[in-house]
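Single-structure report; data block below.
Because the structure is a prediction, the values reported are computed rather than measured.
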Amino acid sequence: MSAGEPSVTMEAEQLQRLLDALPALISYIGSDERYGIVNRAYERWFGEDSGSIVGRQVREVIGDAAYAAVKPHIAAVLAGRPQDFESRLTYRKGGRRHVRIQYIPHVGASGDVRGFFTLVADVSEQKRAEDARRFLADASATLDPAQGRDAGFRRVAALAVTSVADLCAVHTLEADGSVHAQVVAHADPAKAELAARLARRSRPLPEPGTPPSPLLEVLHGGHGRLLPDLAGHALAGADHLAALRELGCRSAVIVPIRGDGCVLAALTLASAEQDRTYGAADLAFAEELSQRIEVALQRVRLYDIARDAESEARRRFLAEQEARRAAERAAQRMAGLQRLTAALADALTSEAVAQVVIDVGVAAAGAYGGAIVVTAGDDLECLKAAGYERDTIERFRQMPRDASLPLTDALRTGAPVWLRSREECSARYPHIVSTALSAATGSLCCLPLVVQERPIGVLGLSFAEPRPFDREEQEFLVAVSRQCAQAMERARLHEERAAIVERERRVGLENARLYREAHEADRRKDEFIAMLSHELRNPLAPITTGLELLQMSAQMSTGERADRDDRQILATLERQVKTIVRLVDDLLDVSRITRGKIDLKRERLDVASVVETAVESVRPLLVQRRHDLVLSVDPGVFVHGDRVRLEQIVVNLLNNAIKYTNPGGRVSLACAAIAGDARIRVTDTGVGISAELLPRVFEPFMQARRTLDRSQGGLGIGLTLVKRLAELHGGRVEALSGGPGEGTAISVWLPLASAPSSPAEAPPAPDAAPPRPRTRALHVLVVDDNVDAAEGLRRVLQLHGHAVSMAHDGPAALEAARASKPDLVLLDIGLPGMDGYEVVRRLRAEPELTRSYIAALSGYGQDQDRRRSREAGFDAHLTKPVATEQLLSLLAEAAPRG
């Protein structure tokens, strides 16, 4: 082995066998571009013995076309630069292939390049797959429904012949049974004209009894056809196949394009490559393409339907649109007039007024030029002009009043002069058309500036196009002139205007003061509502506790000893107390929602369960009023909302219907899913709502006229709460009534919740509430300056087996807590002298009381009150009056700490 040849580590024969086993072309080429070593893959590619290739030049073996593509890379590798590239080459004998080529220079010991190694891999199939995927994506994107079906066919065909086929055609079946070529495209521009001529060539109907061609079979509803060898096909003489062969195609697929349950067209893809034979994968690709075309055709049909509907809508509402455009023009003019008015408000001199009118008024009028002239003795003087040539402005800088001009005529008569075209201007003022009228002027008008029936000047406007100056435009332009005249007068009497400005300033200050007072009044209103609720809750606490004690006592009595009248009195008192509590809660809810202080605890809810709970809440009132309740609630209607607030909506709707329906009436509640919403509808046979009150029924404190006894009760905020809570859930409300005595129907729409993505997300089935475990006996310290409230809590706690001590101010509470070390402290916040916040801070500082559970008792129950309680050190916050169930839950929570 000479020093000039590449070194090897195995015998030449073994190396040759290894190279021959590889499918890629592997060779060594000398610096003279002649083959020195080749593997057997050259025989498979070029059909020549590999030994005959050794010693021949590259150009001779691969052909001129392929050599022209690789020649720059050969030059680069012989210069010592490795090459790694891909290219689509047409070989002399190997056909057209997409290949990846690597050239590695062979550098001698002295640094000179003696040749290079080659590795050529055929990646045609990989590229075809990539081209197919890319083509399908591009074809889907290029099928624009707005361009119609035929345009879509042409775009797909043009795209196909650039990437996946040499020919693409779309054929349709005519009514007489003949075949029509809608689109024919060819990758070779030289054959494109031939393809077009073949497409236009008439195709006679097949003779009876002759077998149909593959194209006809597909068009008549058959499946896609794979034609791997057009020359050897049994129906090679068929007209369609003959045309494909005439265009040089060797292999093809034909697939149907379906729509509306039938075949609309047939898509043909054909290849002219010598070594390219379509197979099952190509048929599947063509069928996928036809499916995408089918989807696009459906979009075209829908687009056509939408376009026709849009045209119909445009035709039907043309008058309305024209009215809207007129309104828009009026609004634009009004906006321009307002801008002019605002700008004129700051102009204190005649020059400033004229500048504003020229800068703002001319643009608002749509004119290209304008001028303001004012009286100056016996003459008119141009105060300001814009849009005209300088010599024209200088020529009319000053003019006599008796001149025959549109400006002077408007001043003398006090009436506008409208010149709708150059022809009209030429007819009335022939001497100015040729000498003074700008070539850009198509129409003009002159508007007198009148103050107290006295003309003080003229506003002239020039327009580039003829204008009709209809009534609305004339009114607008006259309004502009009036604004200008008034501003001119204000400028002349600027002292009076200064007084007006001062008066307006005082009015502004007064408005600001009134706004601050209104804001302060609103703040005091919120404070009053909170204070009112607190003052109502304090007396309610002992009343509620006393009622519960009486009920517990009545339940402990035997049936023979229980007194029916006492039970009725207790039930009556309980209803009235609940009514007061509900009114207080409604007041606070309205205030919180108004100030955005309410948070929803959302969950997926079945509306039927919400309705069931709400109906149970109002059933005593239904029984008392002797109403019939009719329920129609569809199961499985789910919403995403706050259970407590949704129950509050339904309870308020039912309470409203019950109260405003005479005894013995009927109340109906229906719930169903309608158009993406859950609709809750409550209907009654009650007093109804008058037409003038119906639009305001959801406003706060809005009620129909009441009788002196106020038998319905309430504060007029129940429906306000319904509306605002529904809106917080993304819903809406509606009230309908035929009038007084015709009953009322109030509907609430809430967005339906989406279905859970998996069974694990579905809400669990409700289980029966487990029985409350009996809490061990605790030592409880009750601290409240309201002796009645404290005494009531003491009795309730003692009846449940707990030891109770009491205190009525802060210092006494501290002493009692240190002495008894209670398990639970019920601590009123509003204590005299030392409030509950200070007491709890001192209790938390006692080491021996660290395990005590301390709960706040307060008439204040808003979010900021609860937050302040937590920050002070309370474990819980209870709002007066405290229900027994709530108290027992608190005892169970406090028990583990003892």
Dump the intermediate steps for ring pair (Phe, Tyr, Trp, His ring centres under 6.0 Å) on Y103 and F85, then the final yes or no. CA-CA 9 Å; Y103 290 162; F85 62 96; 5.8 Å; yes
Enter the distance from [X]:[atom1] to [Y]:[atom2] here, rounded to the nearest 0.5 Å.
{"X": "L167", "Y": "L244", "atom1": "CG", "atom2": "CG", "value": "6.0 Å"}
{"X": "Q83", "Y": "T118", "atom1": "CD", "atom2": "OG1", "value": "13.0 Å"}
{"X": "L219", "Y": "T172", "atom1": "CG", "atom2": "OG1", "value": "7.5 Å"}
{"X": "S87", "Y": "H73", "atom1": "OG", "atom2": "NE2", "value": "6.5 Å"}
{"X": "L25", "Y": "R44", "atom1": "CG", "atom2": "CZ", "value": "8.5 Å"}
{"X": "L119", "Y": "I104", "atom1": "CG", "atom2": "CD1", "value": "7.5 Å"}

Taking all atoms of both residues into account, what is the closest heavy-atom pair of [X] and [Y], and its distance?
{"X": "V218", "Y": "A266", "result": "CG1-CB, 4.0 Å"}
{"X": "A41", "Y": "P23", "result": "CB-O, 3.6 Å"}
{"X": "A169", "Y": "V184", "result": "CB-CG2, 4.0 Å"}
{"X": "A69", "Y": "L89", "result": "CB-CD2, 3.3 Å"}
{"X": "G730", "Y": "P751", "result": "O-CG, 3.5 Å"}
{"X": "Y278", "Y": "A165", "result": "OH-CB, 3.8 Å"}

side-chain contact (heavy atoms from CB on, under 4.5 Å) between I101 and V70, worked out: CA-CA 9 Å; I101 301 176; V70 301; 4.1 Å; yes
Could you check whether Y368 and F463 have their ring centres less than 6.0 Å apart? no
side-chain hydrogen bond (donor to acceptor under 3.5 Å, both in side chains) with S50: which residues, sequence neighbours excluded? E43
Taking side chain as C-beta onward, heavy atoms only, is [X] less than 4.5 Å from [Y]?
{"X": "L750", "Y": "D677", "answer": "no"}
{"X": "V607", "Y": "F638", "answer": "no"}
{"X": "D84", "Y": "Q102", "answer": "yes"}
{"X": "S271", "Y": "C249", "answer": "no"}

Looking at [Y], is its backbone amide N or carbonyl O close enough to the side chain of [X] to form a donor-acceptor pair, meaning the two atoms are under 3.5 Å apart?
{"X": "D122", "Y": "V99", "answer": "no"}
{"X": "D282", "Y": "G279", "answer": "yes"}
{"X": "H729", "Y": "G731", "answer": "no"}
{"X": "E33", "Y": "S31", "answer": "no"}
{"X": "D606", "Y": "A608", "answer": "yes"}
{"X": "D166", "Y": "A272", "answer": "yes"}

Ignoring hydrogens and geometry beyond distance, is a side-chain donor-acceptor pair present between T277 and S251 at under 3.5 Å? no
If only side-chain N and O atoms count, and only distance matters, is there a donor-acceptor pair under 3.5 Å linking S27 with Y42? yes
Check the pair Y28, F116 against ring pair (Phe, Tyr, Trp, His ring centres under 6.0 Å), reporting the backbone distance first and the verdict last. CA-CA 6 Å; Y28 175 78; F116 60 94; 7.7 Å; no
Please list, chain by chain and in numerical order, all residues satisfying ring-ring contact (aromatic ring centres under 6.0 Å, His included) with Y67, sequence neighbours excluded. none
Using a 6.0 Å distance limit plus a 45 degree cone around the ring axis, check whether R97 lies over the aromatic ring of W45. yes
Do R732 and E727 pass the salt bridge (charged side-chain N to carboxylate O under 4.0 Å, His left out) test, and can you show the C-alpha distance, the side-chain angles, and the key distance before you say yes or no? CA-CA 6 Å; R732 57 188 175 91; E727 290 171 347; over 6 Å; no
Let me see the working for D112 and V107 under side-chain contact (heavy atoms from CB on, under 4.5 Å), right down to the final yes or no. CA-CA 6 Å; D112 58 323; V107 182; 5.8 Å; no
Under 4.0 Å between a Lys/Arg side-chain N and an Asp/Glu carboxylate O for D642 and R602? no
Using the rule given for side-chain contact (heavy atoms from CB on, under 4.5 Å), can you reason through L227 versus V253, listing the C-alpha separation, both sets of side-chain angles and the distance that settles it, and then say yes or no? CA-CA 6 Å; L227 307 173; V253 289; over 6 Å; no
Tell me which donor-acceptor pairs under 3.5 Å the side chains of residues 54-62 have, and how far apart each pair is, sequence neighbours excluded?
from: R56; atom 1: NE; to: E60; atom 2: OE2; distance (Å): 3.2
from: R56; atom 1: NH1; to: E48; atom 2: OE1; distance (Å): 2.5
from: R59; atom 1: NE; to: D64; atom 2: OD1; distance (Å): 3.0

Take S609 and R643 through the side-chain contact (heavy atoms from CB on, under 4.5 Å) test and state the conclusion after the steps. CA-CA 9 Å; S609 67; R643 177 180 291 274; 3.3 Å; yes
